[in-house]
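Numbered from 1 within each chain, the chains take letters A, B, ... in sequence-line order.
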Amino acid sequence: MYIWKFLEHKGPYFPPEYQPLPDNVKFFYDGKAVKLSLAAEEVALFFAQMLDHEYTTKEVFRNNFLKDWRKEMTLEERMLITDLNKCDFGELHAMHKQKVEARKNLSKEEKQINKEANQKILEEFGYCMLDHHRERIGNFKIEPPGLFRGRGDHPKQGMLKKRIQPEDVIINCSRNSHIPEPPTGHKWKEVRHDNTVTWLASWTENVQGSCKYVMLNANSKLKGEKDWEKYEVARKLKSCVDAIRSQYQEDLKSKQMGTRQRAVALYFIDKLALRAGNEKEEGETADTVGCCSLRVEHITLHDALDGETCVVEFDFLGKDCIRYYNKVPVSKRVFKNLKLFMENKQEGDDLFDRLNTNMLNKHLTSLMPGLTAKVFRTYNASITLQQQLKGLSNSSDNVAEKLLSYNRANRAVAVLCNHQRAPPKTFEQSMASLQAKIESRKEQLELAKKELKLAKKEAKGSSDSKLLVMLEKKKKTVQRCEEQLLKMEVQATDREENKQIALSTSKLNYLDPRISVAWCKNMEVPLDKVYNKTLRDKFAWAIDMTEPDFVF
DNA sequence: GGCGGGACTTAGAATTATGACG
DNA sequence: CGTCATAATTCTAAGTCCCGCC
């Protein structure tokens, strides 16, 4: 736990007040123009702004929205507006699109003015003093009101996320600091001085009833130290992972059903990098699971499949409703246990009915201080990167090839952790255009080669300096063409392999930065080819301390 | 143990900035 | 120099884990 001595800040930044619609923009109900009250109008605009989004076609979203919208209406409005299908938000939607367009078309000067205004806000609200250090705050802006966008089949999608007032906000700072002023005419909910926590402000969000926090940026000393600790714990696991693996292999044979379930779960967490899988409140969130919350319908057991025996087929939605699909051959012992766990159960029943994340983590902490389920993800991700980099990269490669190797190593981790993304909307198109470029470059290369041949012929036996210079020039052209072609082909491969895979999450959260920093040093690849500005800031601690011989 | 909630990390999507190219 | 694709950054939802209470 981090105990601070001094914390001072300006409080969170509030979003602008709602600006009422101009008189010429009208909302229609059942074909008739209706002037809405301010509160109802604001919420109507939230919906209108989202009309191009698939959300607004979903039954659950529409129902939740209408229900919450009606709560904001006057009695009169509520009497009238009962059917969302009779609502015409067309003019509101058009106005919104127009505004977006207008902002895009702002002149350079106007954009610059906006930028400077934002800079000023950042300067005033975006920093705090923590124990003599001026630190960037991560999210100093209060989340603006809007419609809740839950992921997947979220039962609360479309509900109104209410505007946060200063009266909802708890401020945390030093007793002897300059206490932040609430916006004029307002009061804070509370000002407290709790130096055992790291948040500067908090409020309760109305859709799920959970807390939201204003916290420091990832580049702060406090966050950096915590990050370093996280990787040190993962490195410690490296030294005892063999013993832990032997232990759970033994536990697969235990007389205790609970112990065997724990062993199988641990095997999944270790081998497949599954998340712990806490229990969730039914009906409050989308139906997603992790290891401990797997249900019998999420796995299928195959005695034999595709020439392999004892295959477990996983198919479930994990965090953020990302599908996990995998067919994994397992040992006979694991397989037999799974069969047993599935016996006499039906759809909806827990696979591990004698296990939860708390018990699992209690057990893990007893094996190694600080060890929890998620440490396995960090450990396996980092060790995989290190092994892959070792196997894939050659110091004789050029930078483009080295980077392809790095990305492939990174990709192996992303696949392990199941970090996916929606394929970019323009993917096919951009792939085709890159391919076209490659083709044209190939033609260019052929041409250059022909010319080189010709020049060679001409220069043969001749000592005419002009011809020799020409020859050299042609050689250079061919070489340059070849390099560019290779670079493009490498890029095409990289992009194709990356279609549905997100590298950023593992880079940001799972891969010990010292592995990457050391690799860059050893391979003589500039660090900024691998880490952008944000990452270099976040991992400043690693960049400072890492020697080329670092081993995770 | 079980649960409810607080504090923190991890996650993909959305938005904005950048820079390559015609 | 404007356009457009890509990269970087922001946003905030959705996890993990632990603690206090019973």
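The distance between atom CG of A:D320 and atom C1' of C:dT16, rounded to the nearest whole Å, is 13 Å. Residue A:Y213 contributes atom OH, which lies 17 Å from atom P of C:dT12 at whole-angstrom precision. In this structure, NE2 of A:H419 is placed 4 Å from P of B:dA11, rounded to the nearest angstrom. The separation between A:K111 atom NZ and C:dC1 atom P is 16 Å, rounded to whole Å. Rounded to an integer number of Å, the gap from A:Y324 OH to B:dG12 P is 14 Å. If you take CD of A:Q208 and C1' of B:dG4, they are 15 Å apart, rounded to a whole angstrom. Rounded to a whole Å, the CD atom of A:Q112 is 14 Å from the C1' atom of B:dT16. In this structure, A:D353 atom CG and B:dG1 atom C1' are separated by 15 Å, rounded to whole Å.
For A:N509 and B:dT9, the shortest distance from a side-chain N or O to OP1 or OP2 is not below 4.0 Å. Here A:K104 does not reach the OP1 or OP2 of B:dT16: none of its side-chain N or O atoms lies under 4.0 Å away. In this structure, A:T288 reaches the C:dG15 phosphate: one of its side-chain N or O atoms is under 4.0 Å from OP1 or OP2. Between A:N532 and the phosphate of C:dT9, there is a side-chain N or O to OP1/OP2 separation shorter than 4.0 Å. The shortest distance between the side-chain N/O atoms of A:N139 and the OP1/OP2 oxygens of C:dT12 is not below 4.0 Å. Residue A:K374 places at least one side-chain N or O under 4.0 Å from the OP1 or OP2 atom of B:dT10. Taking only side-chain nitrogens and oxygens, A:H53 comes nearer than 4.0 Å to OP1 or OP2 of B:dA14. The phosphate of B:dT9 (OP1 or OP2) has no side-chain N or O of A:K230 nearer than 4.0 angstrom. Residue A:T505 has a polar side-chain atom (N or O) positioned under 4.0 Å from OP1 or OP2 of B:dG12. At the phosphate of B:dC8, OP1 or OP2 sits under 4.0 Å from a side-chain N or O atom of A:T198.
Comparing C:dA8, B:dA14, C:dT16 by their nearest atom to the side chain of A:A276 picks out C:dT16. Among B:dC8, B:dA11, B:dT16, the nucleotide with an atom closest to any side-chain atom of A:R103 is B:dT16. Nearest nucleotide to the side chain of A:C211, out of C:dC19, B:dT9, B:dG6: B:dG6. Picking from C:dA13, C:dG15, B:dT9 the nucleotide with the shortest atom distance to the side chain of A:K212 gives C:dA13. You'll find that the side chain of A:R136 is closest to C:dT10, out of C:dT10, C:dC18, B:dC8. Among the nucleotides C:dT9, C:dC19, B:dA13, the one closest to any side-chain atom of A:T534 is C:dT9. Comparing atom distances between the A:E143 side chain and each of C:dC18, B:dA11, C:dT12 picks out C:dT12 as nearest.
The aromatic rings of A:F539 and A:W541 sit perpendicular, their planes meeting at an angle over 60°, well past the 30° parallel limit. Note: A:F47 and A:F89 have tilted aromatic rings, judged against thresholds of 30 and 60 degrees for the angle between ring planes.
Residue contacts shown for A:G209 are absent, as no nucleic acid heavy atom lies under 4.0 Å away. The residue A:R536 sits apart from the nucleic acid: no heavy atom pair falls under 4.0 Å. No contact: A:L508 has no heavy atom under 4.0 Å from any strand. Here A:K161 lies in heavy-atom contact (under 4.0 Å) with sugar-phosphate atoms only. If you check every strand for non-hydrogen atoms under 4.0 Å, A:N278 touches a base. Residue-level contact check: A:R421 touches the backbone only, with heavy atoms under 4.0 Å from sugar-phosphate atoms and none from bases. Among the protein residues, A:K319 comes within range of the nucleic acid bases, having at least one heavy atom under 4.0 Å from a base atom. Contact annotation for A:E205: no contact, since no heavy-atom pair falls under 4.0 Å across all strands. Looking at heavy-atom distances under 4.0 Å, A:K223 makes contact with sugar-phosphate atoms alone, never a base. A:A286 comes within 4.0 angstrom of nothing in the nucleic acid, heavy atoms only. A:S202 comes within 4.0 angstrom of nothing in the nucleic acid, heavy atoms only.
Classification of A:D251 and A:R262 as a salt-bridged pair holds, one side-chain N sitting under 4.0 Å from a carboxylate O. Looking at A:D315 and A:R323, a side-chain N of the basic residue comes within less than 4.0 Å of a carboxylate O on the acidic one, giving a salt bridge. Using a 4.0 Å cut-off between charged nitrogen and carboxylate oxygen, A:K533 and A:D528 do not count as a salt-bridge pair. Taking 4.0 Å as the cut-off between side-chain N and carboxylate O, A:E59 and A:R62 do not count as a salt-bridged pair. Ion pairing between A:K221 and A:E135 fails under the 4.0 Å rule for side-chain N and carboxylate O.
Projected onto DNA chain C by closest heavy-atom contact, A:R275 and A:D528 fall at different nucleotides, the more 5' of which corresponds to A:D528. Nearest-nucleotide assignment on DNA chain B puts the 5′-proximal partner with A:N358, out of A:N358 and A:A422. Residue A:T204 is the one, among A:Y510 and A:T204, whose nearest nucleotide of DNA chain B lies closer to the 5' end (criterion: closest heavy atom).
Geometrically, A:R134 engages A:Y127 in a cation-pi contact, judged by NZ or CZ lying under 6.0 Å from the ring centre and within 45° of the ring axis.
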